[in-house]
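Each chain gets a letter, A, B and so on, in the order its sequence line appears, and its residues count up from 1. Keep in mind that this is a model prediction, so the values were computed, not measured.
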Amino acid sequence: MSDDYLTDALRNPRGRDGRAPDVFRRGGWVPMREYPDDELVDFVIVGTGAGGGPLACRLAEAGFSVVAFDAGAWWRPLEEFASDEAHQEKLFWTGERLCDGDNPLKLGTNNSGRAVGGSTVHFAMVSLRFRPEWFKSRTLLGYGLDWPLDWQDMWRYYTEVEQALKISGPVRYPWGPKRPRYPYRQHEVNAPGLALARACEAMGIAWAPTPLATVSAPREHSPPCVYRGFCVTGCATNAKQSGLITWIPWAVKAGAEIRDLAMVGRIETGEDGLASGVHYHREGEWRFQRARNVVVAGYAIETPRLLLNSANSRYPDGLANSSGLVGKNLMVHTNQAVWGTLEEEVRWYKGPPSLSLSEHWNYEDSGKDFFGGYAFMSQGPLPAAWAGAQTGNHGLWGQALVDEMQKYNHQVGLKIVGETLPQERNCVTLADERDEFGLPVARVTWSECDNDRRLVNHAVDFMRRGLEGIDARDIWAEADGTAHLMGTARMGSDPATSVVNADCRSWDIPNLWICDGSVFPTSGGVNPSETIQAIALRTANRIRELARRGEL
Amino acid sequence: MVSKTRLDWLALAVTGTLTAVSLVWQHREANRSSGSRPANTTLIHSARRLNRGAGILAGAVLLDSAMEHYRGQFENRAMYTPLITATLSLLASSKGFADLTPHSGKLRNGIYIGTVLTGVAGSGFHLWNVTKRPGGFGWTNLFYSAPLGAPAALILSGVLGHYAERLRSETRNIVPRVLGLPAGQSMALMSAAGLIGTSAEAGLFHFRGSFQNPAMYLPVTAPPLSAVLLTASALAGANRPHLRWASRLCLRFTLLLGVAGACFHALGAARNHGGWRNWRQNLQAGPPLPAPPSFTGLALAGLAAQRLLDEEQSVKAHYLGWHP
Ligand SMILES: Cc1cc2nc3c(=O)[nH]c(=O)nc-3n(C[C@H](O)[C@H](O)[C@H](O)COP(=O)(O)OP(=O)(O)OC[C@H]3O[C@@H](n4cnc5c(N)ncnc54)[C@H](O)[C@@H]3O)c2cc1C
Ligand code: SF4
């Protein structure tokens with residue numbers, strides 16, 4: 001198979017001529033409804049990831065006409081996902097961005113994707129719920145700010161996401177209020193996962209097999225996971241329940257149109273101040289799709305970039321930005337790790353990278369000198385990623401690097417998903433530089449605060465003691481590292497201090513919505529995708545409700 | 001690719017077919033066995049059925065432990081033991097099945113007792129394997145470390161075989177007794193216990209598989225029902241012909257289910273990545289093909305028990321002068 005074939009999707013749009021790729025059959029196609037540009041569709045959705053995917057699906061199922069755009073390609077996982085870390089970079093958003101601040105972010109593989117299905121195509125499948133108190137963290141825990149959402153309401157939508165994606169999770173989850181049983185059972189915990197378990201037992205805290213969005217038993221078109229561990233480069237078996245093989249095919253079936261390789265450059269507003277459609281670039285030309293409603297779901301960087309890039313004479317500071325908060329309060333998850341070597345062979349690359357975890361420090365409030373929480377998970381980086389950590393944060397080179405890499409099969413590690421606080425100085429703004437479409441690129445500014453640092457120190461110290469507790473040798477801490485991005489268009493109850501309301505509807509322009517990770521007011525200490533999807537399902541429900549009442 | 005609706009239909013169709021076949025079989029058998037046979041032949045016949053049941057169980061254990069322990073790379077020498085014992089039990093059983101004499105085989109009996117002991121030791125090993133892992137008796141280990149129920153099948157095989165041999169040596173007695181109970185009753189109870197235990201194991205693993213195929217509910221319903229009916233009919237005595245009828249039917253269903261189950265497991269294996277073309281991996285990764293036939297072996301034992309119960313009653317009737 002030539003490389004040409006493997007990257008065909010990057011050059012030739014596939015969602016066209018009334019059909020879409022069938023991701024479950026080699027070379028297969030399924031029919032797809034199409035809308036002409038000049039048809040006034042009910043919803044245009046920009047981005048088809050964790051936010052846009054479920055929303056497109058549910059809105060189409062509710063009978064709305066929906067066109068969803070994605071700048072990325074429409075992959076066929078069974079045919080086009082190679083077991084090759086370098087090749088699979090084709091899934092990431094590697095377009096230019098400028099990064100500054102005290103702790104400039106490293107953007108690319110570890111934070112954002114560009115494909116139909118968004119970042120869920122290569123995410124690590126960890127599917128966690130927020131701790132209920134986090135939805136009122138200002139009131140109940142004394143930091144950050146309150147969400148305009150009720151945790152019990154969210155609990156129902158979490159259940160809906162878990163059912164839809166057949167999350168494979170533990171029979172008993174040790175933390176938080178009772179949750180319904182996960183639809184599929186927990187996976188077998190691999191050796192690095194058992195190392196985490198032993199470390200937790202040594203430290204006297206609870207651990208659990210990680211709830212994952214990859215099936216532990218057959219599901220319709222998905223075989224059970226084969227534990228080969230290529231998850232973060234894209235799952236080639238379709239065991240992973242990414243948006244690409246769940247929400248998107250369901251959306252297409254329900255009558256939505258998905259346009260791949262279609263970069264939205266600007267949202268247009270009409271004389272009434274309402275959004276009237278989007279300008280998008282596809283097949284070498286700029287086109288315009290008319291719409292009654294526009295939803296932005298491009299992730300925490302591209303969403304504010306698009307809103308800011310859409311500034312016009314009526315909205316000179318960008319759309320939905322009367323609060324001045326579009327692009328502000330960018331949050332990341334800190335992603336520090338502690339690594340060590342075990343006597344016995346571990347082979348940590350086998351299986352999904354994080355098969356066990358502890359949320360102890362998300363639910364325990366005493367014994368902390370910081371606000372917020374963190375989860376830590378077992379690790380299994382693929383060889384190139386591991387070599388990257390060695391040459392980068394570990395600073396090894398030459399013979400030292402070779403020696404270190406020899407230990408690959410004996411290595412274990414614990415890594416956090418750590419909460420950071422929202423700060424206005426952390427933001428996405430527009431740079432003077434332009435991308436291949438002639439659009440100003442994003443400048444991403446991030447600096448940690450004292451609280452963020454204290455959290456990381458606590459975590460690194462705790463995890464180090466955990467690894468010492470299982471007799472790991474050569475322990476070292478990777479002090480740098482961030483993952484998921486959130487914030488930049490936060491939801492709230494007050495138009496002065498937030499960009500959208502609880503329904504993800506912008507305060508300024510009632511037919512402009514934002515539905516992705518950027519609406520998070522706080523970041524929580526868990527991976528965000530399940531919360532994003534739950535919010536999307538809630539938004540779809542609310543839209544249906546509003547439509548029924550004639551309030552759209 | 002199998003859609004949910006197709007699986008629903010498949011499960012329904014298979015349940016219907018198995019029921020129909022069981023009914024027809026039952027009907028035919030009733031006609032055939034209306035002429036009563038001399039007690040000795042019945043006992044030997046039952047003993048041979050038991051040998052066959054023991055053999056099927058041994059065969060299942062042999063294949064299953066061969067596959068699973070191969071997967072575990074025979075990390076521990078002791079992992080060869082069940083292969084050897086199960087082979088011996090299989091040989092003894094086929095020898096017993098061919099044996100029409102009323103004498104118990106000393107060697108066979110010895111092998112069967114050895115089989116039981118290996119099963120007990122295996123259970124101990126597996127238990128130890130579970131408890132030494134992090135999480136102890138948690139679900140992860142119950143699902144994924146050495147299965148507690150597997151060596152128990154070896155115990156059952158040995159017990160069935162031992163029964164067969166005891167039964168042969170009882171042919172001189174008017175009402176044959178095994179382990180202090182009339183043979184029919186004690187065998188019924190033992191088969192019932194085996195069915196319940198095996199069904200519990202199927203329950204555990206089908207729970208692990210999230211009952212993703214509705215047919216996965218069959219082995220957790222039919223065998224326990226068979227066990228209950230069998231026990232009830234063994235304890236209730238002669239005057240409950242309907243109970244006996246239902247118990248037989250249910251046992252026949254369970255017997256066939258063992259075969260259908262192997263086919264379902266083949267389907268399950270094919271639904272793994274790569275399907276049948278990838279059989280070398282998927283026979284290991286998918287549900288074990290040899291597991292469901294254990295139900296066939298136990299159901300055979302149950303049916304043999306039913307026959308003995310009949311026999312005991314006719315003997316009783318003869319000596320006590322009443323007819324059921
Ligand atoms: C390596 C990795 C591992 C991860 N692991 C986990 C995990 O285990 N658990 C978890 O919960 N989360 C994980 N995440 C995070 C998770 O994937 C994201 O938080 C989530 O997908 C974000 O959802 P979203 O809808 O905001 O954006 P995305 O899912 O990124 O979707 C945005 C989409 O919008 C498209 N887009 C953006 N701008 C435009 C435009 N102007 N025009 C057209 N299209 C546009 C992009 O191409 C992209 O496809 C991981 C992320 C990465 C990178
Ligand atoms: S380990 Fe499982 S989820 Fe990950 S890529 Fe392989 S099959 Fe897919």
Side-chain angles (χ1 to χ4, degrees), chain A residues 22-26 28 77-78 163 166-174 181-191 193-202 206-210 214-228 235-240 351 355-356 378 470, chain B residues 1-8 10 68 71-73 75 129-147 203-216 264-282 284-287:
Chain A
D22 181 347
V23 288
F24 298 108
R25 278 188 306 131
R26 290 166 184 274
L78 297 177
Q163 288 296 334
K166 294 282 178 269
I167 301 297
S168 302
V171 178
R172 262 194 289 280
Y173 199 69
R181 173 162 299 156
Y182 286 103
Y184 272 43
R185 298 294 86 77
Q186 62 216 53
H187 289 272
E188 182 171 4
V189 178
N190 58 1
L194 290 176
L196 175 139
R198 288 193 287 123
C200 287
E201 285 176 3
W207 67 279
T210 311
T214 175
V215 284
S216 58
R219 172 194 198 184
E220 303 214 22
H221 308 309
S222 289
C225 174
V226 299
Y227 306 112
R228 216 163 61 89
C235 172
T237 70
N238 281 338
K240 175 198 273 196
L355 276 161
S356 69
S378 65
I470 59 168
Chain B
M1 283 208 231
V2 192
S3 72
K4 189 90 187 97
T5 15
R6 269 204 217 162
L7 286 179
D8 292 345
L10 183 65
E68 293 296 323
R71 189 179 184 195
Q73 298 180 318
E75 213 170 73
N129 181 296
V130 165
T131 46
K132 75 173 183 180
R133 291 160 71 94
F137 259 110
W139 286 103
T140 301
N141 290 336
L142 289 178
F143 288 157
Y144 296 111
S145 48
L204 175 68
F205 289 121
H206 286 188
F207 176 53
R208 175 179 102 185
S210 316
F211 290 96
Q212 49 86 16
N213 179 341
M216 291 163 85
F264 270 114
H265 281 200
L267 171 68
R271 289 179 70 200
N272 277 260
H273 182 61
W276 267 116
R277 268 174 309 132
N278 192 15
W279 62 271
R280 286 184 50 211
Q281 228 161 16
N282 289 344
Q284 307 259 334

Name the region of B:F211, side chain, backbone, both or neither, that has any atom closer than 4.5 Å to a heavy atom of chain A. neither
Going through the distances and angles, do B:T140 and A:E188 end up as a side-chain hydrogen bond (donor to acceptor under 3.5 Å, both in side chains)? CA-CA 6 Å; B:T140 301; A:E188 182 171 4; over 6 Å; no
Option that, when pairs with chain B are counted at under 4.5 Å, heavy atom only, ranks first among A:L194, A:V215, A:L78: A:L194
Is A:P218 in contact with chain B via its backbone, its side chain, both, or neither, using a 4.5 Å heavy-atom distance? both
Evaluate A:V189 against B:Y144 for side chain to side chain contact (heavy atoms under 4.5 Å, CB included), listing each step before the verdict. CA-CA 9 Å; A:V189 178; B:Y144 296 111; over 6 Å; no
Going by the rule salt bridge (Lys or Arg N to Asp or Glu O under 4.0 Å), which residues pair with A:R198 if we only count those two or more places apart in sequence or in a different chain? A:E344
Comparing A:K166, A:H187, A:R172 against chain B, the one with the most heavy-atom pairs below 4.5 Å turns out to be A:H187
Excluding sequence neighbours, so at least two apart, what forms side-chain contact (heavy atoms from CB on, under 4.5 Å) with B:S145? B:N129, B:V130, B:R133, B:N141
When rounded to the nearest 0.5 angstrom, what is the spacing between NE2 in A:H221 and CZ in B:R271? 10.0 Å
For A:Q186, is it the side chain, the backbone, both or neither that has a heavy atom under 4.5 Å from a heavy atom of chain B? both
For chain B, find which of A:P170, A:P224, A:P183, A:A197 contributes the most heavy-atom pairs closer than 4.5 angstrom. A:P224
So with a 6.0 Å cut-off around CD of B:Q284, is the heavy-atom count from everything else above 12? yes
Any chance you could measure A:C235, atom SG, to B:H273, atom NE2, to the nearest 0.5 Å? 8.5 Å
Using 0.5 Å steps for rounding, measure from the CZ atom of A:R219 to the CD atom of B:Q212. 11.5 Å
Is A:A239 in contact with chain B via its backbone, its side chain, both, or neither, using a 4.5 Å heavy-atom distance? neither
Using the ring of B:F143 (Phe, Tyr or Trp, six-membered ring only), decide whether A:R185 places NZ or CZ under 6.0 Å from its centre and within 45 degrees of its axis. no
Taking all non-hydrogen atoms of both residues, which atom of B:S3 and which atom of A:E220 are closest, and how far apart? CA-OE1, 3.7 Å
